[in-house]
Amino acid sequence: MKSVVVTGVSTGIGWSIAQVLIRNDFRVFGSVRKAVDAERLKADFGELYVPLLFDITDEPKVQAAAKQVRDLLNGETLFGLVNNAGIAVPAPLMHLPTEDFRHQMEVNLTGALIVTKAFLPLLGADRSLRGTPGRIINISSTSGKNGNPFIGAYVASKHALEGLSESLRRELMLYGMDVIIVAPGAVATPIWDKGENLDLSAYENTDYGEAARRVQEIMVRDGRKGLPPQKVAEVTLHALTTPKPRLRYAVIPGNLLKRLVRSILTLLPKRLLDGMIARKLGLIK
């Protein structure tokens with residue numbers, strides 16, 4: 001049986017990835033932080049779902065989960081690892097508490113490394129295991145290539161994750177493993193309901209007050225019109241199973257014309273694009 005570890009499966013993209021993999025006869029070891037979520041998902045997904053209880057920043061618990069998976073693999077390699085768990089800490093960088101920035105990086109970057117290191121032996125670094133080397137899928141974001149204002153900590157974490165992925169991919173050629181990035185744009189999940197109610201009072205009396213409100217409105221609007229998480233899950237399945245995967249899959253909402261416009265925007269001179277964004281948010285006139 002082919003087995004895949006997926007982090008952060010309680011809701012959203014992670015839940016959809018688990019669902020799609022299980023529907024395609026994979027056994028999914030899915031991480032959650034709460035026992036109640038593990039019980040709920042076991043009821044949702046059935047026998048092909050095996051819950052793993054850990055926070056990705058807790059290295060001893062992640063290593064204990066890797067031992068649990070090793071015992072159940074019975075000497076076989078893991079087919080894949082999907083580093084999906086992550087958070088977003090929005091704020092203008094000037095007013096972002098340094099501890100919040102550290103937390104953003106600890107979860108989205110250090111946490112991904114902790115999980116990857118724990119499961120690398122099962123993916124093929126332990127040459128005593130039977131089976132072909134596995135693949136690592138790192139769920140990044142379109143923010144892994146673009147730096148939008150007011151989500152600078154999140155952008156930094158995803159840029160760093162993409163750099164980490166490239167270095168890791170080249171290092172793991174030694175073992176025949178591959179590292180692939182899946183980079184979604186806006187995805188329609190319940191997170192946008194929380195975003196609409198995000199407390200912006202900390203910035204009301206700063207120079208960024210009005211711009212923060214505009215960013216919130218734009219992100220909630222675009223998020224609710226985003227891709228279904230099922231689409232990201234299907235691309236992840238493809239990245240795990242296709243014989244010749246691309247290095248990076250951008251999963252962007254919208255029809256062909258809208259995607260073409262987005263592509264053209266990325267080709268504009270950075271200074272021009274800076275001005276367009278700043279005017280839209282009211283940062284300059």
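All values below come from the heavy atoms of this structure, side chains included, with hydrogens, waters and symmetry mates left out.
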Grouping I, L, V, M, F, W and Y whenever their side-chain heavy atoms are under 4.5 Å apart, do [X] and [Y] come out in a common cluster?
X    : Y    : value
L72  : L122 : yes
V62  : V4   : no
V89  : V187 : no
M177 : F79  : no
F26  : L52  : no

### Carboxylate-amine/guanidinium contact R169 E166, below 4.0 Å
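Salt bridge between R169 and E166, a charged N being under 4.0 Å from a carboxylate O: yes.
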### Task
For the pair K34 and D37, find out whether any cationic side-chain nitrogen is under 4.0 Å from an anionic carboxylate oxygen.
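No salt bridge links K34 with D37.
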Quick one: [atom1] on [X] to [atom2] on [Y], what's the gap to the nearest 0.5 Å?
X    : Y    : atom1 : atom2 : value
T110 : I56  : OG1   : CD1   : 9.0 Å
R135 : L123 : CZ    : CG    : 12.0 Å
E234 : I17  : CD    : CD1   : 11.0 Å
R33  : D58  : CZ    : CG    : 11.5 Å
K280 : R214 : NZ    : CZ    : 11.0 Å
I87  : D100 : CD1   : CG    : 8.5 Å

### Query
Can you name the one residue among K158, K145, E162 that meets side-chain hydrogen bond (donor to acceptor under 3.5 Å, both in side chains) with S140?
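Running side-chain hydrogen bond (donor to acceptor under 3.5 Å, both in side chains) over K158, K145, E162 with S140 returns exactly one hit, E162.
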Heavy-atom closest contact ([X] atom, [Y] atom, distance):
X    : Y    : answer
I139 : L161 : O-CD2, 3.6 Å
S31  : G8   : OG-N, 2.9 Å
V182 : A239 : CG2-CB, 4.4 Å
N146 : H159 : N-CE1, 3.6 Å
L268 : M276 : CD1-SD, 3.8 Å
S143 : I151 : OG-CD1, 3.8 Å

Would you confirm whether [X], through its side chain, and [Y], through its main-chain N or O, come within 3.5 Å as a donor-acceptor pair?
X    : Y    : value
T242 : H238 : no
N84  : T7   : yes
R279 : G275 : yes
E76  : G131 : no
T77  : T132 : yes
R70  : P121 : no

### Query
Should E39 and K42 be marked as a salt bridge (Lys or Arg N to Asp or Glu O under 4.0 Å) after you check the CA-CA gap, both sets of side-chain angles, and the distance that decides it?
CA-CA 5 Å; E39 294 170 5; K42 190 67 178 173; over 6 Å; no
Can you confirm whether [X] sits close enough to [Y] that some side-chain heavy atom of one is under 4.5 Å from a side-chain heavy atom of the other?
X    : Y    : result
E204 : R213 : no
P184 : L227 : no
I218 : L281 : yes
V179 : R170 : no
L164 : L109 : yes
I114 : T116 : no
L81  : V115 : yes
D25  : M1   : no

### Message
Before you tell me yes or no, could you show the steps for I181 and L247 under side-chain contact (heavy atoms from CB on, under 4.5 Å), namely the whole-Å CA-CA distance, both residues' side-chain angles and the distance that decides it to 0.1 Å?
### Response
CA-CA 6 Å; I181 294 165; L247 299 181; over 6 Å; no
Neighbour count >12 (heavy atoms, 6.0 Å) for atom [atom1], [X]:
X    : atom1 : value
R127 : CZ    : yes
D207 : CG    : no
Y154 : OH    : yes

### Task
Test K67 against D71 for salt bridge (Lys or Arg N to Asp or Glu O under 4.0 Å), laying out the working first.
CA-CA 6 Å; K67 184 180 183 305; D71 292 342; 3.4 Å; yes
Using the ring of each side chain (for Trp, its six-membered ring), is [X] parallel, tilted or perpendicular to [Y], with breaks at 30° and 60°?
X    : Y    : result
F54  : F119 : tilted
Y203 : H95  : tilted
W15  : F45  : tilted

### Query
ring-ring contact (aromatic ring centres under 6.0 Å, His included) between Y49 and F29: does it pass, once the steps are laid out?
CA-CA 6 Å; Y49 172 70; F29 295 94; 9.0 Å; no
### Query
Yes or no on side-chain contact (heavy atoms from CB on, under 4.5 Å) for V215 and N148, after CA distance, side-chain angles and deciding distance?
CA-CA 10 Å; V215 168; N148 287 314; over 6 Å; no
### Message
Under the criterion salt bridge (Lys or Arg N to Asp or Glu O under 4.0 Å), I'd like the reasoning laid out for R27 against E47: C-alpha separation, chi angles, the key distance, then a yes or no.
### Response
CA-CA 8 Å; R27 175 171 56 176; E47 294 182 358; over 6 Å; no
